[in-house]
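Each remark here refers to the structure printed beneath this line.
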Amino acid sequence: MSEAGGGRGCGSSVPQRAPWSLVAATAAFCLVSATSVWTAGAAPMSREERQKLGNQVLEMFDHAYGNYMEHAYPADELMPLTCRGRVRGQEPSRGDVDDALGKFSLTLIDSLDTLVVLNKTKEFEDAVRKVLRDVNLDNDVVVSVFETNIRVLGGLLGGHSLAIMLKEKGEYMQWYNDELLQMAKQLGYKLLPAFNTTSGLPYPRINLKFGIRKPEARTGTETDTCTACAGTLILEFAALSRFTGATIFEEYARKALDFLWEKRQRSSNLVGVTINIHTGDWVRKDSGVGAGIDSYYEYLLKAYVLLGDDSFLERFNTHYDAIMRYISQPPLLLDVHIHKPMLNARTWMDALLAFFPGLQVLKGDIRPAIETHEMLYQVIKKHNFLPEAFTTDFRVHWAQHPLRPEFAESTYFLYKATGDPYYLEVGKTLIENLNKYARVPCGFAAMKDVRTGSHEDRMDSFFLAEMFKYLYLLFADKEDIIFDIEDYIFTTEAHLLPLWLSTTNQSISKKNTTSEYTELDDSNFDWTCPNTQILFPNDPLYAQSIREPLKNVVDKSCPRGIIRVEESFRSGAKPPLRARDFMATNPEHLEILKKMGAASSIDAEDGLRFMQEMIELSSQQQKEQQLPPRAVQIVSHPFFGRVVLTAGPAQFGLDLSKHKETRGFVASSKPYNGCSELTNPEAVMGKIALIQRGQCMFAEKARNIQNAGAIGGIVIDDNEGSSSDTAPLFQMAGDGKDTDDIKIPMLFLFSKEGNIILDAIQEYEEVEVLLSDKAKDRAAILKGKMIPSYIINSNPEMENEEQPSSENDSQSAEQITSSSQEVDLVDQESPEESSLNSQPESLSPADMDNAASVSPSEQISNPMENHETTSLDGECTDLDNQLQEQSETEEDSNPNVSWGKKVQPIDSILADWNEDIEAFEMMEKDEL
Ligand code: DMJ
């Protein structure tokens, strides 16, 4: 266990800080001291094992950073599947995600201070020289102000902070003369025109070369921005002001924060997700702690810590009280409406909220932090990663996972606060999962779909800026880090800013209190060091006892078990009508519906919830009527199962979800379009045939390759440049006739994914793939084969991407599986998942269109057909069973038709709530 902080009491002297800063700094300081008082719970982890895990993190960082530098630099990001740089404009646009890319070697800048934290001082020195030599901040590119601030400005300032620290130590960086700071200042001035609005809220985007609103700028017509986008500037801007003495940056960031505070919804004290930068009107009135708002709250508390300005703490506490009152429904954090905060605005949560337990630790509110963190951990245990969004009953809502660091961040802070070795075990699991499922020969690839285990050609810069820092620090002792981490604060991108800035260049006038601030009943934590006696009242099993009831919350959850509903049942109240139970032929239901919106506020809230659920249900079911995506996993050397491509399924042929996977070498068919009898049957016999899309129907291609003896087929899109990153997956439809004669499995790959296989054939000739419903465990894939041990063991110290050099380096997968704890994915998928995995859209039988013209299915989904599988182990409550039965008996009716007839009364009810419906519709379009 770490000795850091041991023996020091709360309130012991913290050098060079003003008294108000000391208060804040000691809060973080006391979190450290807690590590030495925790004594029970999970078994302690030996120093040796922690060092081993720390070394593993270092090796993983080298793999990610080394591949970026070798194959992508000076591009902004590495594309780890195709092993090249992502250059804006040269790759198909991914929309808003690309606004982080400014042709300024984003990953290098974002990695600077990580290098120092990981004790790679020499590499840091090299990296800084490269930034100074190569990076141009004056490109004609439109970038996100928010992303550029947190990643690039923050990265430069974090680099500068540690460069001057190293210089002062006297060994490294002796040549350094504030060059990174000068770059940061140059960038700061480039961002300032974005603040040219009457509100002081910044425009969301700016052209690095031409600024805003000029014709060449190609930006400046936007009217809305997200709350986090406008409210996550103060740390970087204030640091820039205080480092340089140029006060303008801090002034602008403060003004934006002041405006957001003024615009908070006054009765709920909540803020919405998006705001009009000119009028200050809330555009989206839903409110949570995840996407769109997250770091606004984070920066209020951290601005107080860094700047010592009481008004920031007061604002944070006011919002925090509202969050805990309305949004926190332990262990869940659910979005609500700012005007009707008792009304949930969603039935799902997004992955970004995983930072919140970490923030609660900084606040000193440990109990809910432990609860939410544990809930998130259970979701991770189910899916290996946190999906981008998941429902209140822990089903996948959006299946991607771009290697986000928020959960690791919270794990680190919880460990610092509690010293409970349980969190070390959590970190170990994160490391194992990254190596096992995301590691590819050329870096780490984002998960395209956590259910199939398929990859996306993407490794975001925050993975290097944040993930490795938090994981390394989790296992490190004080002496493993060459400076005192407690002297710094983490920005939202985990860049490090020194706390001594609080007393430097404080020319900005501080508000002492805000007029509207009302004292909250939060006295345990205001102005005091979080007290471990209060947090853990002499009970070493405290944290464990909080976690224990949540251990099975995911696996044993019943789809209908939304906590508030259950609670109202327990109290004897009549349950509100839920959308999924609604029957238009049921007079009682219609009566309830009529009452909604007319009578009491409770009825109105029920009505709103009902409509919201209807909208969500309908879109969910449209998705669920589709077949789930499939996986093509390359299993031959040098991939060894580590590259998994997202594939579209076929409505005909072998159903891979019901049968064992199909494995074979690939061969191109001739003719390549597969539209006539193959002229090379000997080449495809017993293999998986590659066929190009177009010219005839999918089913015809399948029959032709099947007749030639192929055991499966992969159709590759003929639309050059198409990719599952940018186009919606779809399922290949039959030809309108009986397709029972097609027995082989058929999958579809967009051109980019298909090219990965075609390129592999060029390079390695023999390419073996696995067609399946979900990526298979490497041990199972490589059973009985001689393979390098690092491939199986996720212990990549010896990895060099080459063939094993000798028999000694290799072991058979059989040997390994018998001695290791690896989980076999083959058996892992739950019935729940297999019944609902469903994203691809239908494609009309005529396979003549290209990907861009694929239109979504126009099937009208039937709300009553949503028979979600109940809990896996039959532990649903009576209520759930009742509802389930009710739902099943209703299946015979035709609710679609009835619903259509009864639509008028609902319309009139809707008219009363226009504002809210607009917000619901916005939510439907919501993107992280
Ligand atoms: C990071 O860039 C920052 O943490 C940001 O605040 C939101 N999340 C991403 C990583 O998920």
Side-chain angles (χ1 to χ4, degrees), residues 76 87-104 106 109 135-154 156 183-234 236-237 240-241 246 248-260 262-263 271-284 291-293 295-296 299 492 922 925-928:
D76 283 317
V87 179
R88 185 121 176 237
Q90 281 178 25
E91 301 296 327
S93 170
R94 299 173 301 171
D96 291 353
V97 184
D98 282 346
D99 289 344
L101 313 177
K103 298 189 177 176
F104 36 34
L106 177 65
I109 293 177
V135 172
N136 177 13
L137 297 172
D138 197 40
N139 299 310
D140 178 10
V141 188
V142 175
V143 293
S144 151
V145 171
F146 165 79
E147 297 290 359
T148 307
N149 173 59
I150 65 167
R151 302 200 206 191
V152 186
L153 189 56
L156 293 170
M183 284 183 77
K185 194 171 170 187
Q186 185 198 352
L187 182 60
Y189 280 118
K190 283 186 169 296
L191 297 179
L192 283 187
F195 292 79
N196 191 8
T197 57
T198 44
S199 66
L201 299 178
Y203 280 93
R205 279 177 277 272
I206 195 158
N207 185 306
L208 285 174
K209 192 179 183 68
F210 296 110
I212 228 154
R213 283 199 295 218
K214 297 184 205 115
E216 324 82 285
R218 306 185 303 281
T219 189
T221 53
E222 301 96 331
T223 52
D224 308 338
T225 197
C226 73
T227 300
C229 302
T232 311
L233 297 148
I234 186 70
E236 293 81 2
F237 274 44
L240 185 55
S241 284
I248 188 166
F249 304 107
E250 187 171 337
E251 280 161 17
Y252 275 43
R254 278 177 183 263
K255 196 175 161 209
L257 277 180
D258 290 346
F259 190 83
L260 287 174
E262 287 300 314
K263 288 292 167 186
V271 289
V273 172
T274 48
I275 188 166
N276 185 305
I277 54 176
H278 304 299
T279 63
D281 293 338
W282 291 110
V283 179
R284 275 189 41 192
I293 302 182
S295 45
Y296 162 64
Y299 269 36
T492 192
M922 287 284 193
K925 293 182 199 142
D926 186 28
E927 281 179 15
L928 287 178

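The first residue of the sequence shown is numbered 1, and numbering continues consecutively from there.
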Please enumerate all residues that pass side chain to side chain donor-acceptor pair (under 3.5 Å) together with [X], with sequence neighbours excluded.
X: Thr274; result: none
X: Glu222; result: Arg205, Thr219
X: Asn207; result: Asp140
X: Thr197; result: Ser199

(request) May I have all residue pairs that pass salt bridge (charged side-chain N to carboxylate O under 4.0 Å, His left out) and include part of residues 206-217, sequence neighbours excluded? (result)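 Pairs touching residues 206-217 that pass the test: Asp138-Lys209.
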(message) Restricting to side-chain contact (heavy atoms from CB on, under 4.5 Å), what partner residues turn up for Ala256, sequence neighbours left out?
(response)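 Here the qualifying residues are Leu201, Pro202.
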(message) Taking side-chain contact (heavy atoms from CB on, under 4.5 Å) as the definition, give me every residue that meets it alongside Thr279, ordered by chain and number, with sequence neighbours left out.
(response) Asn276, Asp281
(message) For Leu187 and Leu208: C-alpha separation, side-chain torsions, deciding distance, then whether side-chain contact (heavy atoms from CB on, under 4.5 Å) applies.
(response) CA-CA 8 Å; Leu187 182 60; Leu208 285 174; 4.0 Å; yes
Could you give the distance from [atom1] ([X]) to [atom2] ([Y]), rounded to the nearest 0.5 Å?
X: Cys229; Y: Ile293; atom1: SG; atom2: CD1; value: 11.0 Å
X: Ile277; Y: Thr225; atom1: CD1; atom2: OG1; value: 6.5 Å
X: Asn149; Y: Glu147; atom1: CG; atom2: CD; value: 9.5 Å
X: Lys190; Y: Ile212; atom1: NZ; atom2: CD1; value: 12.5 Å

Could you pull out the closest heavy-atom pair between [X] and [Y], with the gap in Å?
X: Met183; Y: Leu137; answer: O-CD1, 3.5 Å
X: Ser295; Y: Thr232; answer: OG-OG1, 2.8 Å
X: Val145; Y: Ala194; answer: CG2-CB, 3.8 Å
X: Arg88; Y: Leu101; answer: NH1-O, 2.7 Å
X: Ala246; Y: Tyr189; answer: CB-OH, 3.9 Å
X: Ile234; Y: Arg254; answer: CD1-CG, 3.7 Å

Side chain to side chain, [X] and [Y], heavy atoms closer than 4.5 Å:
X: Ile150; Y: Glu236; answer: yes
X: Ile109; Y: Arg151; answer: no
X: Ser144; Y: Asp96; answer: no
X: Leu260; Y: Val271; answer: no
X: Trp282; Y: Thr227; answer: yes

(request) List the steps and the verdict of side-chain contact (heavy atoms from CB on, under 4.5 Å) for His278 and Thr223. (result) CA-CA 7 Å; His278 304 299; Thr223 52; 4.1 Å; yes
(message) I'd like to know whether Val143 forms a side-chain contact (heavy atoms from CB on, under 4.5 Å) with Ile206, so could you lay out the CA-CA distance, the side-chain angles of the two residues, the decisive distance to 0.1 Å, and finally the verdict.
(response) CA-CA 6 Å; Val143 293; Ile206 195 158; 4.1 Å; yes
(message) The criterion is ring-ring contact (aromatic ring centres under 6.0 Å, His included); which residues satisfy it with Phe146, sequence neighbours excluded?
(response)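 Not a single residue meets the ring-ring contact (aromatic ring centres under 6.0 Å, His included) criterion with Phe146.
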(request) Taking ring-ring contact (aromatic ring centres under 6.0 Å, His included) as the test, write out the residues that go with Phe195, two or more places apart. (result)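 Phe195: ring-ring contact (aromatic ring centres under 6.0 Å, His included) contacts with Phe237, Tyr252.
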(message) Whether the side chain of Asp76 engages the backbone of Phe104 through a donor-acceptor N/O pair (distance < 3.5 Å, no angle test) should be reported.
(response) yes
(message) Can a donor-acceptor pair be found, under 3.5 Å and without considering hydrogens, that links the side chain of Ser241 to the backbone of Glu250?
(response) yes
